[in-house]
2 protein chains.
Amino acid sequence: MDLLRTRGPGNFTVEDIAEAAGISRRTFFNYFASTEVVIASVTHGFLDKALQQFRLRPAGEPILESARAALVELADPMTVAPIAELYSMGQANPMLSRSELEAWDHCTVEIIDAARERFAQGSGVEIDELYLRALAGSIISCGKAAMDVWFARCGGDLSPDSLSNLRQLLIDSMSLLGSGFASHSPATPSQDRH
Amino acid sequence: MDLLRTRGPGNFTVEDIAEAAGISRRTFFNYFASTEVVIASVTHGFLDKALQQFRLRPAGEPILESARAALVELADPMTVAPIAELYSMGQANPMLSRSELEAWDHCTVEIIDAARERFAQGSGVEIDELYLRALAGSIISCGKAAMDVWFARCGGDLSPDSLSNLRQLLIDSMSLLGSGFASHSPATPSQDRH
DNA sequence: GTGCATGTTTGCACTCTGCGCAAGTATTTT
DNA sequence: AAAATACTTGCGCAGAGTGCAAACATGCAC
């Protein structure tokens, strides 16, 4: 993160990281296949927290409600801080966005698993894979959309106001999803935000 | 594609591609930044076709209906063939899935633009960015989910039966999205498929 | 403490990527 | 035909990523 801040993405080598960490280049590669995965681990940690929250929700609850609750947990300073910083650097940077994409995708896979488990217990009925995957993918997409809009609007600001804005965006995106995108005007958000 | 087929992903170098194409390694890099983007261009072409169809739809039509129509156009042998082959190779391969992810993401961005244009004309009202991005992202996710399920089920088979299966999956995924995922049982697809 | 076993770190060497540069070769314009 | 423009290529270099074997550290038994 220090190197990212000072030199900017793409302007330092693995050797620099190794030196800064007091280890050899070779040792770095023993633990990480590339700089990308190191950086992705930040986003990964962020999304892991959401996953964790999701799994804690009661099994009977509607998935969308669980997702909403899990996502809202993310709108907390300590949690968003690292990813906000990454985002602000990576908005235009192909290398960063790539590893972020991968992290979001990985999260989708995990949500699919979590949701499958939830449905499996209870009914012996066969699970509709399409339902599962389409829903999980949409949830992640909506979460990502909320984050994107938040960054565009607040530029990663961590003030309480900004964070409550993020919370509201996450909630709104889930209700859009739950209402089937109300199939009409896109100019009326469900709620006014200050 | 020949090299992919014969040697498998990751088992050939840019030099091999250049040689097979009768050009120099340097010339390859004049046109493509990496092997990845070459491969991504296949998926890219596939999604471009959907985009194109989407843009052809009447501006008054509900977005989800336009998306459904655009996606269904993809379920045609000539169009799916290349991507089906890629998918069957890339299922387990990190390098391939990565470039595919990027292509899908790029398509999301383009749908957002297309949808924004559509809404912009007509009303002078400010557009809800969250609505736009969440919807576009969800559409893409559902399309991807349908493709994933199809591959899991049919393994990229191009027979008429298999393709009509794909068509139905695409339609189903859009109606799931349109109905807000009916927030109940995941075990009842909207329609029986042979 | 000595010796041994297991695990980690490192240097070395090598292949491959990606790209700047300048020289070469086509193609088109005038 | 000469000049302008576009495309291709070879060369050289910095950096990624990895196998291998030597060096080093740590823990354990005696």
Side-chain angles (χ1 to χ4, degrees), chain A residues 1-45 82-83 85-87 89-106 109, chain B residues 1-45 47-48 82-83 85-87 89-106 109:
Chain A
M1 287 302 280
D2 274 355
L3 283 167
L4 262 181
R5 269 187 286 263
T6 57
R7 301 211 204 165
N11 295 123
F12 56 92
T13 72
V14 169
E15 194 140 24
D16 294 327
I17 303 179
E19 194 182 354
I23 55 166
S24 76
R25 203 180 77 94
R26 192 61 187 83
T27 302
F28 172 90
F29 280 116
N30 281 344
Y31 290 89
F32 306 98
S34 68
T35 358
E36 269 187 40
V37 316
V38 185
I39 294 169
S41 72
V42 175
T43 309
H44 213 283
I83 205 144
E85 191 165 11
L86 255 196
Y87 240 82
M89 286 190 277
Q91 276 313 52
N93 190 276
M95 174 188 159
L96 287 190
S97 354
R98 224 160 29 137
S99 48
E100 264 155 45
L101 268 192
E102 234 173 315
W104 286 94
D105 182 66
H106 180 254
V109 175
Chain B
M1 289 302 280
D2 273 355
L3 283 167
L4 263 181
R5 270 187 285 264
T6 56
R7 301 212 204 165
N11 294 123
F12 56 92
T13 73
V14 169
E15 194 139 25
D16 294 327
I17 303 179
E19 193 182 356
I23 56 167
S24 76
R25 202 178 78 92
R26 192 60 186 83
T27 303
F28 172 90
F29 280 116
N30 282 342
Y31 291 89
F32 306 98
S34 67
T35 357
E36 268 186 40
V37 316
V38 186
I39 294 168
S41 73
V42 175
T43 310
H44 212 282
L47 294 174
D48 256 7
I83 206 147
E85 192 166 11
L86 255 197
Y87 240 83
M89 285 190 277
Q91 275 314 51
N93 189 276
M95 173 187 159
L96 286 191
S97 0
R98 220 156 38 131
S99 48
E100 264 154 47
L101 267 192
E102 235 172 313
W104 286 95
D105 182 65
H106 180 254
V109 175

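By convention in this document, chain letters (A, B, ...) are assigned in the order of the sequence lines, proteins followed by strands, and residues within each chain are numbered from 1.
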Exam field: side chain Thr27(B) to backbone Ile23(B), donor-acceptor pair closer than 3.5 Å: no
Degree of bending in the helix from dG1(C)-dC30(D) to dT30(C)-dA1(D) once both end axes are built from five pairs, to 10°: 10°
Contact list for residues 5-30 of chain B, test ring-ring contact (aromatic ring centres under 6.0 Å, His included), sequence neighbours left out: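 Matches after skipping sequence neighbours: Phe28(B)-Phe32(B).
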Members of residues 18-31 of chain B that approach DNA chain C, where some heavy atom sits under 4.0 Å away: Arg25(B), Arg26(B), Phe29(B)
Derivation of the side-chain contact (heavy atoms from CB on, under 4.5 Å) call for Ile83(B) and Leu47(B): CA-CA 10 Å; Ile83(B) 206 147; Leu47(B) 294 174; 5.8 Å; no
Expressed in angstrom and rounded to an integer, what is the separation of [X] atom [atom1] from [N] atom [atom2]?
X        : N       : atom1 : atom2 : answer
Glu15(B) : dC19(C) : CD    : P     : 17 Å
Asp16(B) : dT17(C) : CG    : C1'   : 13 Å
Asn11(B) : dC16(C) : CG    : P     : 12 Å
Ile39(B) : dT17(C) : CD1   : C1'   : 14 Å

Outermost DNA chain D nucleotides near chain A [under 4.0 Å, heavy atoms]: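 From 5' to 3', the first and last contacting nucleotides are dG15(D) to dC20(D).
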Arg5(A) vs Glu85(A) side-chain heavy atoms within contact, under 4.5 Å: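 Result yes, sub-4.5 Å side-chain heavy-atom pair found.
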Distance in Å, Arg26(A) CZ paired with Asn30(A) CG, rounded so as to fall on 0.5 Å steps: 4.5 Å
Gap separating the CD atom of Glu19(B) from the OG atom of Ser24(B), nearest 0.5 angstrom: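 Separation between the atoms: 12.0 Å.
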Closest non-hydrogen atom pair between Leu3(B) and Ala20(B), with its separation: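 Looking at all heavy atoms of both residues, the closest pair is CD1-CB, 4.5 Å.
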Smallest separation among heavy atoms of Pro82(A) and Met1(A), with atom names: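 The pair with the smallest heavy-atom distance is O-CE, 4.2 Å.
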Non-neighbouring partners of Ser34(A) that pass side-chain contact (heavy atoms from CB on, under 4.5 Å), sequence neighbours left out: Glu36(A), Val37(A)
Partner residues of Arg7(B) under the salt bridge (charged side-chain N to carboxylate O under 4.0 Å, His left out) criterion, sequence neighbours left out: Asp16(B)
